[in-house]
Amino acid sequence: MEERTTLKKSLKAHWVWAIALGSSIGWGAFVQPTTWMATAGPLGVIIGLSIGAILMMLIAVSYGFLIKSFPVTGGEFAYAFISLGRTHAFISGWFLTLGYICIVALNASAFALMFKFVFPTLIENFPLYQIAGWDVYGMEIIIASVALGTFGYFNIRGTGISGRMQFLFCSVMIASILMITWMVGAQPGTGLSSVQPYFPSDTTAWAAIISIVAIAPWAYVGFDNVPQAAEEFHFSSKKAFSLIIMAIFFAAVLYSLMILATAMTQPWEGLVAEDHVWGTGAAIQELLGTIGLVLLVTALTMGVFTGLNGFIISSSRLLFAMSRAKIIPASFSKLHPKYKTPYIGIIFTVVVSAFAPWFGREALLWVVDMSSIGVTIAYFYTCYTAFTLFKTKKTVAFNPKKHIVSPFKKTISGVGMLASLIFLALLLIPGSPAFLGIESQIALVVWIVLGIGFYLVKRGEFNKIPKEELNYLILGSKEIEAENRL
């Protein structure tokens, strides 16, 4: 049996917290407030995101247990293997890869969008074409590509560098959001009166809130980057749960502050009706002038950088784990000869994401819901695996290496499974406030067909791997077998 490739333990606890938080707070917190308020109103957005955070925390119980028990790279891919075997491991990994790479692409494109707002004359050079009513410019593509290339380079140089950068970016982002909120609240004529009405007049409060709850898997995706880096923890994996909970809590607070800051600048219905390219940017600039815009651009830049950095880390680690299990080509599990990072996975993530800016902003928004599908499926697999490993009492089949007696945690993991199914239902059932648009449906079907084709090609080779070898390659132990026989 060949030797299993492993990653260097170099990540400190506060870096991992910053990876989780920074990945959760990406471009959406700064670019999307007016879009979200148009759908749900300020209070609807805040309540919806708060409910979403609570549901994510319930799901995080399963993550905390599994990271502690199985601190290996691959996260949800490995967890699906533990409970349901190799085919489900592939399904989980395939959909999660979709979610992660989509988010890398969206953050890179959001960075270019920010330049388009701040320096329109610079960006509106080299016009190329129009997609879904959105003009695509060559300079946008160049800026997004440079951002991707830069973070790809730093990630290849080592997790230590990317971890330090992530914590610095997060600290600056938090400080900027706090300053913006305080400055908006301190201006004459602003305040909570602008936040009214709390919900849109053309929908019910319930429908408004549910439409936001449905995007929670996308809004908070990032805390699940923690298990992807578990093999690189330079601290006890028992800390993972508290790091995830703190990241989700701070993400909910920061999202709410940006909604409040945007809504307090002026009556929000009028702001939404103006249909700015960047509504929050226009509102903050009008109220606070250049200093406000500088703070907002700084916060957005840090949010985009943390999203790019965090998801490049996670995408490359997921590809590394799947390659180590021989599902995808072996090159993805090769480590850089000097820096010992999975550099092929990093380069692949950057190159694939670099195609996204060519399709324009509207086309990119079509993949947001599709990426929500991907991460929600991964959440379900994680909760299901934890549910199978938590036991109400010791039985003959009890294995102390992987089982734990905890009726309460078993119940919570069951609730996490239910929450994941509800998220999927909101996105897939016609008539739901968050039902996928036709473009997103088409993109999702294409990804599923590609996955089926790829799996059929690799199935014979994958199924020939002995279960003991697969246990070793994925989990690092020949003794820990999957819950269901392979």
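- Residues I101 and F348 form a side-chain contact, since some pair of their non-hydrogen atoms from C-beta on lies under 4.5 Å apart.
- A side-chain N or O of Y455 and one of T87 form a donor-acceptor pair less than 3.5 Å apart.
- Between K326 and E469 a salt bridge is recorded (basic side-chain N to carboxylate O distance below 4.0 Å).
- Using the six-membered ring where Trp is involved, F151 and F169 have ring planes that are perpendicular, over 60° apart on the 30 and 60° scheme.
- The closest side-chain heavy-atom distance from I377 to S92 is not below 4.5 Å.
- Here the closest non-hydrogen pair linking A229 and L11 is CB-CD1, 3.5 Å.
- With K391 contributing its side chain and T388 its backbone, the two residues share a donor-acceptor pair below 3.5 Å.
- Taking all atoms of both residues into account, the shortest heavy-atom contact from F241 to G64 is CB-CA, 3.8 Å.
- Contact between T385 and A80 at its shortest, heavy atoms only, is OG1-N, 4.0 Å.
- Two rings, from H88 and Y381, have their centers less than 6.0 Å apart.
- No side-chain heavy atom of Q166 sits under 4.5 Å from any side-chain heavy atom of L21.
- Salt bridge annotation for E232-R317: present, with a cationic side-chain nitrogen under 4.0 angstrom from a carboxylate oxygen.
- Remark: side-chain polar atoms of S236 are not paired, donor with acceptor, to backbone N or O of K239 under 3.5 angstrom.
- Counting heavy-atom neighbours within 6.0 Å of Y339 OH, excluding the residue itself, gives a total above 12.
- Taking 4.5 Å as the limit, every side-chain heavy atom of F154 sits out of range of all side-chain heavy atoms of I312.
- Side chains of L389 and I82 form a contact here, defined as non-hydrogen atoms less than 4.5 Å apart.
- Side chain of K410 to backbone of T392: no donor-acceptor contact under 3.5 angstrom is found.
- Judged by distance alone, the side chain of Y379 and the main-chain N or O of A60 form no donor-acceptor pair under 3.5 Å.
- A donor-acceptor pair is defined here as one N or O able to donate and one able to accept, closer than 3.5 Å; no such pair exists between the side chain of S237 and the backbone of F233.
- Side chain to side chain, T280 and T262 meet the donor-acceptor criterion of an N or O pair below 3.5 Å.
- A distance-only check finds no donor-acceptor pair linking the side chain of R86 to the backbone of A325 [under 3.5 Å].
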### Residues I244, I67; criterion side-chain contact (heavy atoms from CB on, under 4.5 Å); working and verdict
CA-CA 11 Å; I244 290 173; I67 294 169; 3.9 Å; yes
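- Classified by interplanar angle (parallel below 30°, tilted 30° to 60°, perpendicular above 60°), the ring pair Y63/F223 is perpendicular.
- Side-chain contact between N107 and F305 is absent, with no heavy-atom pair separated by less than 4.5 Å.
- The two residues A240 and V226 have their closest heavy-atom pair at CB-CG1, 4.2 Å.
- Side-chain contact between F320 and L335 is present, with heavy atoms from C-beta onward closer than 4.5 Å.
- Between S10 and W15, the shortest heavy-atom distance links the atoms O-CZ3, 3.2 Å.
- Classified by interplanar angle (parallel below 30°, tilted 30° to 60°, perpendicular above 60°), the ring pair F250/W17 is perpendicular.
- With W94 contributing its side chain and G374 its backbone, the two residues share no donor-acceptor pair below 3.5 Å.
- One finds no salt bridge joining E461 and K464 here, because no Lys/Arg side-chain nitrogen approaches an Asp/Glu carboxylate oxygen to under 4.0 Å.
- A donor-acceptor pair under 3.5 Å is formed between the side chain of S333 and the backbone N or O of A330.
- Inter-residue side-chain proximity for N155 and I313 is flagged as met; some heavy-atom pair is nearer than 4.5 Å.
- The closest donor-acceptor contact from the side chain of T306 to the backbone of C170 lies at 3.5 Å or more, if one exists at all.
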### Task
Please lay out, stage by stage, how F380 and L424 fare under the test side-chain contact (heavy atoms from CB on, under 4.5 Å).
CA-CA 10 Å; F380 176 81; L424 277 176; 5.5 Å; no
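- Side-chain atoms of T341 come within 3.5 Å of backbone N or O of I156 as a donor-acceptor pair.
- Taking the centre of each ring, Y220 and Y255 come in below the 6.0 Å mark.
- Here the closest non-hydrogen pair linking I59 and C383 is CG2-SG, 3.8 Å.
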### Task
Evaluate the side-chain hydrogen bond (donor to acceptor under 3.5 Å, both in side chains) criterion for residues N225 and S23: first the C-alpha distance (whole Å), next the side-chain angles of each, then the deciding distance (0.1 Å), finally the verdict.
CA-CA 8 Å; N225 285 350; S23 301; 2.8 Å; yes
### Task
In sequence, state the C-alpha distance, the side-chain angles, and the governing distance for E231 and K8, and then conclude on salt bridge (charged side-chain N to carboxylate O under 4.0 Å, His left out).
CA-CA 8 Å; E231 201 168 298; K8 182 180 178 182; over 6 Å; no
